[in-house]
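Read the numbers this way: they start at 1 and go in the same order the structure lists the ligands and their atoms. Basis for what follows: all heavy atoms, side chains included, without hydrogens, waters or symmetry-related copies.
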Amino acid sequence: MSDRSEIEWSPRVSLAKIRALYINEARGTCADELIEEVGFGLFARCQSILEYTEALEEGGVRCKRCQKKGQTTIIQRNMNKPSSLLRCPVCGWQVRWRVYKAESQNEDGNLIAGHAGAAFTRYVAIYPKCRTREEKILAIDRLIHEFHWILIHEDQPARAAKPAAVNLLRGNIRQVMEMLNELTYGENTPLEILEGKQWWLEQQSKK
Ligand SMILES: [Zn+2]
């Protein structure tokens, strides 16, 4: 295996899985397996986003080979050299920063936390602690309805820009917005989720 091919990130979750989650929850028939699959898929994706953003903005790159063995080794890169060689002092894994960056920003891309970093960090902290199925669904619902918040004027509250879900779900902005706006709700949908939907619509109307 080449050093380059070890640069792997958790994929975005499919829109179909999210749709299925809401349809089944509305009917009161959502399987625990589907909740876990979506919940942990989003958890792994958030971890990838935070890891890549740290490497890009702070220069701390986590060694991908050590990571596979469950170890954490942070390689501090030279932020002034786009082509600097990253070399793990523990296992010898090495790759140039520009290669690491190019591999990370291809096809599945969308790994930069941007103005939604707090939402990704919060989900990573909260999801593993959720015990009941309702707690898990609420954490998922809150995460996928987050936004990248942009401050336009210092004396005004931040405004919702693009949805954070574009980092998390497999689709472009239009597809993600459509899917979220058309989610299915029913008599079994928890009240907090219905309130969350209201909030989501209000943020969009403020634009
Ligand atoms: Zn290593």
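Neighbouring protein atoms of the Zn ion (ligand 1) (N, O or S, distance under 2.8 Å, waters ignored): C63 SG, C66 SG, C88 SG, C91 SG.
No salt bridge links R142 with E192; every basic N to acidic carboxylate O contact stays at or beyond 4.0 Å.
The line from CZ of R27 to CG of N188 is 11.0 Å long, rounded to the nearest 0.5 Å.
Between N181 and Q204, the closest side-chain pair of non-hydrogen atoms falls below 4.5 Å.
A perpendicular orientation is assigned to the rings of F43 and F40, their planes being inclined by more than 60° (bins at 30° and 60°).
Every residue meeting the side chain to side chain contact (heavy atoms under 4.5 Å, CB included) condition with N80, not counting sequence neighbours, appears here in chain and number order: N78.
A cation-pi arrangement, defined by a distance under 6.0 Å to the six-membered ring centre and an angle within 45 degrees of its axis, is present between K64 and W9.
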